[in-house]
2 protein chains.
Amino acid sequence: MTTPEVASGSQAAAARLRVTVPSVADRVAAELRLQLAEGLLLPGARLTESTIAEDLGVSRNTVREAFAELAAERLVVRLPNRGVFVASLGPGDVHDVYTVRRAIEVSAIRAGGAPERVAAVRAAVEEGKAAAAADDEEALGTANQHFHGAIVALAESRRLDTMMSQVLAEMRLFFHKATVDAHFYRGYLDDNEEICTALEAGELDRAGSLLLSYLDRSEEKQSAVHGD
Amino acid sequence: MTTPEVASGSQAAAARLRVTVPSVADRVAAELRLQLAEGLLLPGARLTESTIAEDLGVSRNTVREAFAELAAERLVVRLPNRGVFVASLGPGDVHDVYTVRRAIEVSAIRAGGAPERVAAVRAAVEEGKAAAAADDEEALGTANQHFHGAIVALAESRRLDTMMSQVLAEMRLFFHKATVDAHFYRGYLDDNEEICTALEAGELDRAGSLLLSYLDRSEEKQSAVHGD
DNA sequence: ATCGTCGGATTGTTGAACAAATCGCTCAAT
DNA sequence: ATTGAGCGATTTGTTCAACAATCCGACGAT
């Protein structure tokens, strides 16, 4: 075979197995992603190429490539000739994001999944309960994300997985405002539990409906926080 | 306001209204996308930076940025230190792509849509019929894509729209093989018709089920063509 | 207050350079 | 015959410096 085994079915595995050091651009992107998630860079903030290049000790061109990555993930917006800014989501975007989540998550749960995938969902539920018992709001938030990530993972679709994680990354951008209410996720614990048991019982349609109603309620709350 | 109206709800409109010449990198990416769609660049083919830079009369760095765009869209795969190659999808990817389509399209049609959006779906159906009458296989294919694009558009979600067009772009990559059978789409005309009328009648669940079965059959055919 | 104009700062793009990695080949050793 | 080391050519990854184009804010004229 003259062409290397590019993509194809085994690409995911190959990419995962391949021993490769992430490029500098990738590491810059990762660093920025981190700062984004930590709320160090607030929505609307400007990212100046030269500044970041100096701060991270890399070339401006490399920063540029990193920006391209982040822009593709919608974490950042590029205004031609004006610069890149941390994406800020308005009410319309909140609805849009939830529309995507409804599509992805409901579809995944409706199709069910292998037992070990279902077990992963259960694990996320327990993780949430533990976090609640420990009064660890931070852990509660990540547990919630694990829960929804596990639901998408039911579909065993590489593309759906990345779409979901991108959407979750987008949401983290404005969660920093939302979590002023410390008990934000607490109310969803029972939802998750109920959805999970329905899933385990094979009542997929019911699980889907529950999930759907959860997402609707969640969207409503988020919209409220976001001055709709 | 110190920060420019970045993103937020009105970003889509702003981006659409803004008078901006696409950057050189964008134009390079567009050109490559075109060649990809035309089948000029076959899956597995290598894209050498310097060659393309010369051919299009741009800098190698600019080509690099274009590659980043295409890689984000999965049209191209980047193998570290080895180069970028036209993505080639294996049987697993076919299933994956259809999983995404099921999620997006079914979700969109189940939620229904504004009358003018439904009308757009109808228009795509008629477009397909006209193409069939004219024996224009090319037009038949694009009409089919318009149909499914219109279905997703029902949801009025910017993100779902771009996800769908990316998936369709991915599919075009291996449609070049699939369309050896000239009557490929012909059989789907009746499906589209039926789905559309169900949609117009407000029978959303039925429309969803029909669409789902269509996608399953379509996947099966594609998998068969792709040496499963 | 509104409207040009001008200067500074930042982005977009280029071209050249160099280290590092990969590939294909030769050639010797087993 | 196969393996493996070595080597040269090619290509990618990254940096740097430069320049045009664009944008922003301030300043000044009306």
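Residue numbers start from 1 in every chain, and the chains themselves are labelled A, B, ... in the order their sequence lines are given, proteins ahead of strands.
Between R64(B) and dG13(D), a side-chain N or O to OP1/OP2 separation shorter than 4.0 Å is present. For the pair R82(B) and dC23(C), the criterion of a side-chain N or O lying under 4.0 Å from OP1 or OP2 is met. Regarding contacts with the backbone of dT13(C), a side-chain N or O of S23(B) is found under 4.0 angstrom from either OP1 or OP2.
Side-chain atoms of T48(A) never come within 3.5 Å of backbone atoms of S50(A) as a donor-acceptor pair (strictly under, hydrogens ignored). Of the possible donor and acceptor atoms, one in the side chain of D96(A) sits under 3.5 Å from a partner among the backbone N and O of R158(B). Put simply, the side chain of R46(B) gets close to the backbone of R82(B): a donor and an acceptor are under 3.5 Å apart.
Two residues, R27(A) and N81(A), neighbour DNA chain D, and the one matched to the more 5' nucleotide by heavy-atom proximity is R27(A). Projected onto DNA chain C by closest heavy-atom contact, F67(A) and V58(B) fall at different nucleotides, the more 5' of which corresponds to F67(A).
For R78(B), whose side chain is taken as the heavy atoms from C-beta onward, the closest listed nucleotide among dA16(C), dT11(C), dG13(D) is dG13(D). For R60(A), whose side chain is taken as the heavy atoms from C-beta onward, the closest listed nucleotide among dT15(D), dT11(D), dT13(C) is dT13(C). Considering only the side chain of V24(B), dT13(C) comes nearest among dT13(C), dT10(C), dT15(D).
Rounded to an integer number of Å, the gap from CG of L79(B) to C1' of dC23(C) is 14 Å. Summarising the geometry, the separation between CG on N61(A) and P on dG13(D) is reported as 13 Å, rounded to the nearest angstrom. With rounding to whole Å, E65(A) atom CD is found 9 Å from dT14(D) atom C1'. Computed from coordinates, the E69(A) CD to dG13(D) C1' distance equals 14 Å when rounded to whole Å. The nearest whole Å value for the distance from the CD atom in E49(A) to the P atom in dT13(C) is 11 Å.
Note: H148(A) and Y214(A) meet the aromatic proximity criterion, with ring centroids under 6.0 Å apart.
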